[in-house]
Amino acid sequence: MKQQFPVLFGAITGLLVLFASYFKAPVLQSVSNELLQWRVIVAAFALLLGIANISRIHVNRVSRKDQNTPYSLMLLIVMYGALILGLGYGAQSPQYKFIWDNVYSSLNATWYSTTAFYMMSSAWRGFRVRSVQAGVLMVAAIVVMLSKVGIGELVWSQIPAIGNWIVEIPNTAGMRGILVGSCLGAVGVSLRIMLGLERGHLGGGSK
Amino acid sequence: MSGWQKLVNLDVRILWVLLVVALLVPMVNPIGLPLPMKEETKAAFEYVESLTPGSYVLMSVNISPMGEPENWPTAIAMFRHFMKKGLRVILVNTVPEGTMYAERLWKEYGPEGDYEYGKDVVQMPFRAGDESTIASMGADFRGLYATDQYGTPLNQLPIFDDFKDIHDVSLLTEYASTIHPLYYIQQLNAKYNVPTIISIVAVDGPKFMNYYQSGQIEGLLSGVAAGAEYELLAEVPGKAASQMDALALGHALFIGAIVLSNVAWWVTKSKDSVKGGTR
């Protein structure tokens with residue numbers, strides 16, 4: 001029963017939402033809409049669950065007092081500090097916006113910007129043309145990079161056209177193949193879940 | 001140690017300094033390099049041009065600080081264009097960071113077009129749930145959002161006077177550095193035929209080219225370059241165009257590094273094999 005009920009519940013709700021996409025029966029549509037609203041509410045609860053889980057992990061780490069304790073402590077202070085400010089003063093308050101503009105936003109942008117330096121290092125040290133395939137990849141990468149900025153047109157007037165052709169024809173063909181393949185895979189997994197053959201999401205393996 | 005060998009073993013910190021210089025100098029002294037115009041940007045612009053004043057635009061601002069340099073200038077340029085066209089803008093977001101950007105958009109740039117909150121532009125609150133939230137926008141928009149971001153019921157906001165459901169939306173635009181554009185394509189574009197324009201970080205642009213080529217979406221704005229192109233087309237000067245020279249020099253430096261390091265590597269490798277050494 002512990003396994004059967006969630007499988008049955010998942011199958012019924014999944015099929016209802018699926019059928020609502022294909023049949024215009026008002027009752028089916030309204031049940032499907034209601035289920036989608038429930039999902040939004042459940043997702044909001046999942047955020048609370050995430051806060052509880054991350055708190056449990058980092059409180060344990062702080063109590064262990066190892067070398068990572070300061071980081072865990074910092075995480076808890078910042079997380080609850082922002083939460084209290086947001087709940088107490090509101091997300092539009094100057095206090096909350098101060099944290100957003102001067103801490104979160106700056107750190108997030110800085111962290112992402114550092115990838116430019118890693119890319120520079122790997123461009124110099126990592127990208128070695130050891131085979132014909134790597135050579136083709138390098139030429140394609142250079143042409144596409146040049147085609148995206150004004151400098152390409154200065155090098156050779158045909159660079160933008162060749163770069164666009166690479167993106168629009170070989171790239172799109174490859175992406176389309178991957179997309180169709182992954183969608184078919186998703187359909188297969190969804191059907192297995194709805195039929196109760198796939199139980200990985202319940203904490204067990206497949207049947 | 002030969003010159004080539006020294007080049008192979010070059011301290012990478014020198015390249016980092018060169019990168020900083022290549023990015024900073026054009027921002028201080030713009031070079032004025034030509035800007036190649038992409039077909040998918042032109043198509044996006046032309047679609048917005050074809051809309052009649054008063055049409056509803058659902059603007060999904062799923063921007064985060066890390067994607068800001070690439071998406072934010074495009075969002076501003078498009079919002080300015082929407083104001084020029086007199087379109088009614090509904091701002092939504094399905095990532096929490098988007099709330100701040102959506103608010104900045106109407107508060108900072110709305111006054112330029114005399115846009116009045118609640119009448120010409122409105123901001124919806126963040127809803128968790130990713131794809132399910134987007135599906136709910138299509139299934140029951142008013143059920144998903146009982147009030148706007150500031151707690152005002154939708155029926156008290158004049159902007160919603162002619163808005164019944166998702167079928168009233170003439171254009172959906174999504175600005176993101178995540179998988180969310182795919183959810184919008186699946187749940188609103190494919191299911192309800194809502195015309196869609198996607199603005200995505202450059203690295204993800206090729207993933208969405210399929211949808212543009214097949215005619216499923218009306219336009220694709222990839223990276224800050226598309227933002228610069230859009231600014232030019234809509235005649236709304238902004239941040240993106242000023243970043244293009246820096247982007248071009250940065251690209252040139254990367255290409256130079258790849259080519260030069262490979263030449264140095266091949267030369268040193270050849271010399272070693274002539275000497276009978278192995279690497």
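All chains are named by letter (A, B, ...) in the order of the sequence lines, taking the proteins before the strands, and each is independently numbered beginning at 1. Worth saying up front: this structure is predicted, and the values here are computed from it rather than measured.
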Colleague: Pick from B:Val20, B:Leu15, B:Val12: which one makes a side chain to side chain contact (heavy atoms under 4.5 Å, CB included) with A:Phe117?
Modeller: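 Per the side chain to side chain contact (heavy atoms under 4.5 Å, CB included) rule, the option paired with A:Phe117 is B:Val20, out of B:Val20, B:Leu15, B:Val12.
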
Colleague: So which part of B:Leu253 gets closer than 4.5 Å to some heavy atom of chain A, the side chain, the backbone, both or neither?
Modeller: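 For B:Leu253, heavy atoms of backbone and side chain both lie under 4.5 Å from chain A.
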
Colleague: Considering all heavy atoms of both residues, which atom of A:Ser105 and which atom of B:Tyr101 are nearest to each other, and what is their separation?
Modeller: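 Minimum heavy-atom separation between A:Ser105 and B:Tyr101: OG-OH, 4.2 Å.
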
Colleague: Of the non-hydrogen atoms in B:Pro206 and A:Met175, which two are nearest, and what is the gap between them?
Modeller: O-CG, 3.8 Å

Colleague: Where does A:Ile142 contact chain B at under 4.5 Å (heavy atoms): side chain, backbone, both or neither?
Modeller: both

Colleague: Looking only at heavy atoms, what is the nearest atom pair of B:Glu97 and A:Tyr104, with distance?
Modeller: OE2-OH, 2.5 Å

Colleague: Which heavy atom of B:Ala139 sits nearest to which heavy atom of A:Leu36, and what is that distance?
Modeller: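 Heavy-atom minimum between the residues: CB-CD1, 4.0 Å.
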
Colleague: So which of A:Ser106, A:Ala20, A:Ala43, A:Ala123 has the biggest tally of heavy-atom pairs under 4.5 Å with chain B?
Modeller: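 Top option by heavy-atom pairs under 4.5 Å: A:Ala123.
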
Colleague: Is chain B contacted by the side chain of A:Ala141, its backbone, both, or neither, given a heavy-atom distance below 4.5 Å?
Modeller: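 Contact with chain B involves no heavy atom of A:Ala141 at all.
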
Colleague: Against chain B, label A:Leu107 side chain, backbone, both or neither, depending on which of its atoms sit under 4.5 Å from a heavy atom there.
Modeller: neither

Colleague: With sequence neighbours left out, write down each residue that passes salt bridge (Lys or Arg N to Asp or Glu O under 4.0 Å) with B:Lys107, or none if nothing qualifies.
Modeller: B:Glu103

Colleague: Supply the atom-to-atom distance B:Leu23 CG to A:Ser113 OG, rounded to the nearest 0.5 angstrom.
Modeller: 10.0 Å

Colleague: Between B:Asn262 and A:Phe127, is there a donor-acceptor pair closer than 3.5 Å when you use the side chain of the first and the backbone of the second?
Modeller: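 Judged by distance alone, yes, a pair lies under 3.5 Å.
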
Colleague: Which atom pair, heavy atoms only, marks the closest approach of B:Trp266 to A:Val129?
Modeller: CZ2-O, 3.1 Å

Colleague: Under 4.5 Å, heavy atom to heavy atom, which residues of residues 244-251 of chain B contact chain A?
Modeller: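 When heavy atoms of chain A are the reference, residues 244-251 of chain B contributes B:Met244, B:Leu247, B:Ala248, B:Leu249, B:His251 within the under-4.5 Å range.
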
Colleague: With a 4.5 Å heavy-atom cut-off, do A:Arg130 and B:Trp265 have their side chains touching?
Modeller: yes

Colleague: Output all residues satisfying side-chain hydrogen bond (donor to acceptor under 3.5 Å, both in side chains) with B:Gln123, sequence neighbours left out; order by chain, then residue number.
Modeller: B:Trp106, B:Tyr150

Colleague: Using only atom types and a distance under 3.5 Å, with no angle test, would you say the side chain of B:Glu68 pairs donor to acceptor with the backbone of A:Ala109?
Modeller: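 Pair absent, no side-chain N/O of B:Glu68 close to backbone of A:Ala109.
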
Colleague: Among A:Thr110, A:Asp101, A:Asn108, which residue satisfies the side chain to side chain contact (heavy atoms under 4.5 Å, CB included) criterion with B:Pro65?
Modeller: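 When side chain to side chain contact (heavy atoms under 4.5 Å, CB included) is applied between B:Pro65 and each of A:Thr110, A:Asp101, A:Asn108, only A:Asn108 qualifies.
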
Colleague: Between atom CD of B:Gln213 and atom CG of A:Asn171, what is the distance when rounded to the nearest 0.5 Å?
Modeller: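 It is 8.5 Å, given to the nearest 0.5 Å.
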
Colleague: Report the distance from atom CZ of B:Phe254 to atom CG of A:Leu146, rounding to the nearest 0.5 Å.
Modeller: 13.5 Å

Colleague: Between A:Ser21 and B:Lys191, is there a side-chain heavy-atom distance shorter than 4.5 Å?
Modeller: yes

Colleague: How close do A:Trp124 and B:Leu7 get, heavy atom to heavy atom, and via which atoms?
Modeller: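 Scanning both residues completely, I find the closest heavy atoms to be CZ2-O, 3.1 Å.
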
Colleague: If you apply the rule side-chain contact (heavy atoms from CB on, under 4.5 Å), what do you find for B:Tyr211 with A:Arg176, and how did you get there?
Modeller: CA-CA 9 Å; B:Tyr211 298 101; A:Arg176 200 165 283 171; over 6 Å; no

Colleague: Measure the spacing between OG of B:Ser222 and NZ of A:Lys148 and express it to the nearest 0.5 Å.
Modeller: 6.0 Å

Colleague: If we define contacts as heavy-atom pairs under 4.5 Å, which of A:Met138, A:Met119, A:Gln29, A:Glu153 has the most with chain B?
Modeller: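 Looking at each of A:Met138, A:Met119, A:Gln29, A:Glu153 in turn, A:Met119 comes out on top.
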
Colleague: So how far is it from A:Trp38 CH2 to B:Ser132 OG, rounded to the nearest 0.5 Å?
Modeller: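 The CH2 atom of A:Trp38 sits 14.0 Å away from the OG atom of B:Ser132.
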
Colleague: Under the side-chain contact (heavy atoms from CB on, under 4.5 Å) rule, what do B:Tyr212 and A:Glu168 come out as? Steps first, then yes or no, please.
Modeller: CA-CA 10 Å; B:Tyr212 173 71; A:Glu168 285 170 17; over 6 Å; no

Colleague: Please determine, among B:Ser214, B:Ser136, B:Pro69, the option with the most heavy-atom pairs under 4.5 Å with chain A.
Modeller: B:Ser136

Colleague: Among residues at least two apart in sequence or on other chains, which ones pass salt bridge (Lys or Arg N to Asp or Glu O under 4.0 Å) with A:Arg128?
Modeller: none

Colleague: A:Ser121 and B:Trp16: side-chain donor and acceptor closer than 3.5 Å?
Modeller: yes

